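Accompanying notes for the structure given below.
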Amino acid sequence: MLRRRVIPCLDVANGRVVKGTRFLDLVDAGDPPGLAERYAREGADELVFLDITAAPEGRGTLLDIVERTARRAFIPLTVGGGVRSVEDMRDVLRAGADKVSLNTRAVEDPELIRRCAARFGSQAVVVAIDARRVPPGTAIPSGFEVVVRGGREPAGLDALVWARRAAALGAGELLVTSIDRDGTGSGFDTELLRAISSLVTVPVIASGGAAGPDDFVAAVREGGADAVLAAGIFHRREWSIAAVKAAMAAAGLPVRALPADREA
Amino acid sequence: MTAGPGASRVPVTVVDYGAGNLVSIEQALVAAGAAVRRAGRADEIGEPALLVVPGVGASAPAMERLRAGGFVTAILDWTAADRPYLGICLGLQLLFDESEEDGARTLGVLRGRTVRLEGAPTLPHIGWNQVERRRDHPAFAGIEAGADFYFVHSYAGAPDDASAVLAETEHGVRFPAAVARGNLLGVQFHPERSGTDGLRLVANVVRAAATATGLSAAGLPPEVA
């Protein structure tokens, strides 16, 4: 049976892993390949690098980090942040990433999803959707609006409409982040997740708001997520990946055991 | 990538036809004791103990690029001689006669077709899933029955000859996770992205290829930590 995945997210700025409340109050949390290897050893099912380097000259640093990570952590690696073209995507895949995550640029130019999927396959294209709740009566029927540029700028686009369109254009997965919940530790927005996971057949990755193992269970059970992503609770060592997976297994969700666990 | 250090390394050639990430499979092969060469054209294959055809994506463009590089004839000759071959994901699917994805005529090394995973609850099938062996095979030596491997695909092989199926996986439907015939092995999952068990499988394949080719496997790591 297909396992529900647990995915640590590493926000990377200028060659270091950082963590704040989404792009604010950033705190240095370590060397990306070293942290990636540790998470792989501890049972992470995949890794996501989100490049939040503001300056374009930081891109070379990112590619070097991707390459060093791919040599050490033999689990799938997704890279997001600043991928603006098929050429950008090619460079990131050549450095050793398995997938890229498109966000702001895909909202501005949805055909980018189709071009990337045509060149590298849908399985390599993750579309990241950052969404926030808006009051009823606005031009956003579902009440979930897409926001871009690191969650700061409303796109005037309904998140459900965008999810369906992104999947139709060739996205192989959707990474759905609740901007309202991100970094707050108040739990995933399971209504947002359920609305999107029941709308598309591609896997949905839940993001934004994890405080503890119960939140991972809820993201899958209530939100219908195929995979669950978190950053701060792992970086700060509040919870181990093993503890999260143990809670998911206890709730009856299929998770991958490490070879060492099975042999024990 | 050029050959790694040490005469005891097993020469392995990875076919580069522009279909995705080669870094991780090359790194896994190096960890398994291989000296890896990347071939962009058939005349760059050399005389390896093992030929690896990785790849993700659609069949028709892959076949076009294989043909342009002169690889089609080379792979057919290689497999006809039962030389050690590892196909990964698309590299497995291309072994069949044709693909339902885009109607492409593929290599025809194994009778059968590549079909869409109709009935799967989510597509693409992405993530870790159990691989259930139908019989013993050296590639899975030391790997526990039902171990998880990482998959990323929407299509899978449907061989005419059920005896070619080495292992199966279930995602709404059952499909071949691995096929094998003689020294040929195809895996639908990505061993290079499947952690410790994946590295062990790659090491097993490299060791078996060295043995089949008459090379000494003495210098290889006994198993990957």
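Computed from a predicted structure; not experimentally measured. The chains referred to below are lettered A, B, ... by the order of the sequence lines, with proteins before strands, and numbering in each begins at 1.
Summarising the local packing, CZ of A/Arg164 is surrounded by 12 or fewer heavy atoms from other residues, nucleotides or ligands at distances under 6.0 Å. The number of heavy-atom neighbours closer than 6.0 Å to CG of B/Asp136, taken from other residues, nucleotides and ligands shown, is 12 or below. The environment of B/Arg174 atom CZ is dense: over 12 non-hydrogen atoms of other residues, nucleotides or ligands sit within 6.0 angstrom. No more than 12 heavy-atom neighbours from other residues, nucleotides or ligands sit within 6.0 angstrom of CD on A/Glu191. More than 12 heavy atoms of other residues, nucleotides or ligands sit less than 6.0 Å from atom CZ of B/Arg135. Within 6.0 Å of CZ in A/Arg221 there are 12 or fewer heavy atoms belonging to other residues, nucleotides or ligands.
Contact annotation for B/Glu192: only backbone heavy atoms (N, CA, C, O) come within less than 4.5 Å of a heavy atom of chain A. Residue A/Ala117: no heavy atom, backbone or side chain, is found under 4.5 Å from chain B. Neither the backbone nor the side chain of A/Ala167 comes within less than 4.5 Å of any heavy atom of chain B. Contact annotation for A/Ala97: only backbone heavy atoms (N, CA, C, O) come within less than 4.5 Å of a heavy atom of chain B. Residue B/His153: no heavy atom, backbone or side chain, is found under 4.5 Å from chain A. Looking at B/Ser194, the atoms closer than 4.5 Å to chain A (heavy atoms on both sides) all sit in the backbone: N, CA, C or O. A/Ala70 touches chain B through backbone and side chain together, each having a heavy atom under 4.5 Å away. At a 4.5 Å heavy-atom cutoff, the contact between A/Leu93 and chain B is made by backbone atoms alone. Contacts between A/Arg5 and chain B at a heavy-atom distance below 4.5 Å involve the side chain alone, from C-beta outward.
Scanning all heavy atoms of the two residues, the minimum distance from B/Pro124 to A/Gly172 falls at CD-O, 3.4 Å. Contact detail for A/Arg71 and B/Gln27: the closest heavy-atom pair is NH1-NE2, 2.6 Å. Heavy-atom minimum distance, B/Leu123 versus A/Pro203: O-CD, 4.1 Å.
Under the 4.5 Å side-chain criterion, counting only non-hydrogen atoms from C-beta, B/Trp128 is in contact with A/Ile75. You'll find the side chain of A/Arg3 stays beyond 4.5 Å of the side chain of B/Asn129, heavy atoms only. Proximity of B/Ser154 to A/Ser122: side-chain heavy atoms (C-beta onward) are nowhere separated by under 4.5 Å. Using a 4.5 Å cut-off on side-chain heavy atoms (C-beta onward), A/Pro76 and B/Tyr150 make contact. Side-chain contact between A/Lys99 and B/Ile126 is present, with heavy atoms from C-beta onward closer than 4.5 Å. For the pair B/Thr122 and A/Val200, the minimum side-chain heavy-atom distance is 4.5 Å or more.
In this structure, CG in A/Leu77 is found 6.5 Å from CZ in B/Arg193, a value given to the nearest 0.5 Å. Atoms CD and CG, from B/Gln130 and A/Leu2 in turn, are 10.5 Å apart once rounded to the nearest 0.5 Å. Taken from CE in A/Met1 to OG1 in B/Thr169, the straight-line distance is 13.0 Å, to the nearest 0.5 Å. Here CG of B/Asp197 is found 14.0 Å from CZ of A/Phe74. Values are rounded to the nearest 0.5 Å.
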